[in-house]
Amino acid sequence: MKNKSNKKVLLGILGVVALVLVFAGVYFAFKPDTQQGGKNIKIEVVNSLEETVAYDVKTDAEFLSDAFKDAQGLEIEGEEGAYGLMILAVNGEKAVFEENGAYWSIMVNGEYGMYGADQQPVADGDEYQLVYTKDE
């Protein structure tokens, strides 16, 4: 009787290990690719009045949140959360979703970004926009 119980426990452990390996494989297969070395990128900020400020940035950063630090004059305020950096204010302008449905969206080469700033890979020649967005 104890032998059957041990087999069930062993099968359960093997099942959990198999799931972890599958999830790890999926993550590594679909994670965003990064580019090492020097890059020239453009970061534009579009505020609530639809005014645009552009920053030409030379960076070695692999991810957008790190490239922000190389953009002279760009000020980003945010909080680290479960999904990485949550951008709360750009150049002093706050976007507070809980108050008015506003947030800072990330655009990559004119398309809505698929990743947060901490996971968005930076590639040479790319253009990024931080756009004040308000759900209505």
Side-chain angles (χ1 to χ4, degrees):
M1 186 117 148
K2 191 172 183 179
N3 196 17
K4 285 185 180 182
S5 178
N6 287 342
K7 285 183 181 179
K8 287 182 181 178
V9 170
L10 182 59
L11 286 175
I13 291 171
L14 289 174
V16 169
V17 169
L19 281 174
V20 168
L21 290 174
V22 167
F23 285 128
V26 169
Y27 171 77
F28 285 109
F30 294 103
K31 73 176 183 171
D33 291 330
T34 61
Q35 186 181 67
Q36 294 183 349
K39 299 165 215 60
N40 293 310
I41 64 170
K42 185 175 195 173
I43 299 174
E44 290 183 341
V45 175
V46 181
N47 68 18
S48 61
L49 301 175
E50 298 185 5
E51 299 168 331
T52 301
V53 177
Y55 302 88
D56 291 317
V57 182
K58 293 179 191 258
T59 185
D60 289 329
E62 291 185 46
F63 296 99
L64 187 57
S65 61
D66 294 325
F68 292 156
K69 298 168 190 162
D70 294 325
Q72 297 291 325
L74 177 62
E75 296 178 24
I76 303 290
E77 296 175 42
E79 293 177 354
E80 289 295 327
Y83 303 104
L85 176 67
M86 170 68 119
I87 299 172
L88 300 175
V90 178
N91 292 341
E93 183 170 17
K94 292 182 180 181
V96 183
F97 189 82
E98 293 80 13
E99 291 178 9
N100 61 3
Y103 60 96
W104 288 100
S105 60
I106 298 173
M107 306 292 287
V108 181
N109 297 320
E111 301 286 329
Y112 198 79
M114 299 299 290
Y115 303 102
D118 286 345
Q119 297 174 334
Q120 177 59 55
V122 175
D124 188 44
D126 278 353
E127 295 184 7
Y128 304 91
Q129 286 185 316
L130 300 175
V131 181
Y132 183 93
T133 305
K134 189 172 178 182
D135 286 341
E136 300 196 27

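Worth knowing before you read on, the calculation uses all heavy atoms, side chains too, and leaves out hydrogens, waters and symmetry mates.
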Asker: Determine yes or no for a side-chain-to-main-chain donor-acceptor pair under 3.5 angstrom, with D118 supplying the side chain and L85 the backbone.
Answerer: yes
Asker: Kindly compute the distance separating CD (E93) from CG (L88), expressed to the nearest 0.5 Å.
Answerer: 13.0 Å
Asker: Looking only at non-hydrogen atoms, find the nearest pair between W104 and V46 and report the distance.
Answerer: CZ3-O, 3.5 Å
Asker: To the nearest 0.5 Å, how far apart are CD1 in I43 and CD1 in I76?
Answerer: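 Between atom CD1 of I43 and atom CD1 of I76 there are 7.5 Å.
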Asker: What do the steps show when you test N91 against N47 for side-chain contact (heavy atoms from CB on, under 4.5 Å), and what is the final call?
Answerer: CA-CA 9 Å; N91 292 341; N47 68 18; over 6 Å; no
Asker: Show the nearest heavy-atom pair for residues T59 and A67, with the distance to one decimal.
Answerer: OG1-CA, 4.0 Å
Asker: Within a reach of under 6.0 Å around CD of E99, are more than 12 heavy atoms found that belong to other residues, nucleotides or ligands?
Answerer: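 No - once you tally the heavy atoms of other residues, nucleotides and ligands closer than 6.0 Å, there are 12 at most.
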Asker: Under a 4.5 Å side-chain heavy-atom rule over Ile, Leu, Val, Met, Phe, Trp and Tyr, are L130 and Y103 clustered together?
Answerer: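 Hydrophobic grouping puts L130 apart from Y103.
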Asker: Looking at K58 and N40, what are the two nearest heavy atoms and their distance?
Answerer: CG-OD1, 3.0 Å
Asker: Looking at every non-hydrogen atom in both residues, tell me the closest pair between G125 and I41 and how far apart they are.
Answerer: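 In this case the closest contact between G125 and I41 is N-CG2, 4.5 Å.
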Asker: Against F68, only a single residue in V57, V90, L74 fulfils side-chain contact (heavy atoms from CB on, under 4.5 Å); can you say which?
Answerer: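 The option that passes is L74.
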Asker: Is there side-chain contact between I106 and L64, with at least one heavy-atom pair below 4.5 Å?
Answerer: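 Side-chain contact under 4.5 Å: yes.
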Asker: Could you measure the distance from the CD atom of Q129 to the CG atom of N109? Nearest 0.5 Å is fine.
Answerer: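 It comes to 10.0 Å.
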Asker: Checking side-chain contact (heavy atoms from CB on, under 4.5 Å) for the pair V45/Y55: CA distance, chi angles, key distance, verdict?
Answerer: CA-CA 8 Å; V45 175; Y55 302 88; 3.9 Å; yes
Asker: Are the side chains of M107 and Y112 in touch, meaning some heavy atoms are under 4.5 Å apart?
Answerer: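 In short, these two side chains touch, coming nearer than 4.5 Å.
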Asker: Of all heavy-atom pairs between A61 and K39, which one has the smallest distance, and what is that distance?
Answerer: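 Smallest heavy-atom distance, with atoms named: O-NZ, 2.9 Å.
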Asker: Would you say that more than 12 heavy atoms from the other residues, nucleotides or ligands in this model lie under 6.0 Å from the CE of M86, or not?
Answerer: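 For M86, atom CE is not crowded (no more than 12 foreign heavy atoms under 6.0 Å).
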Asker: Counting C-beta onward and ignoring hydrogens, is there a side-chain heavy-atom pair between V122 and Y128 closer than 4.5 Å?
Answerer: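 The answer is yes, as the side chains (C-beta and beyond) meet within the 4.5 Å cut-off.
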Asker: Rounded to the nearest 0.5 Å, what separates atom CG in D70 from atom CG in D60?
Answerer: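 With rounding to 0.5 Å, CG (D70) is 7.5 Å from CG (D60).
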Asker: Which heavy-atom pair separates Y132 from A102 by the least distance, and what is that distance?
Answerer: OH-CB, 3.2 Å
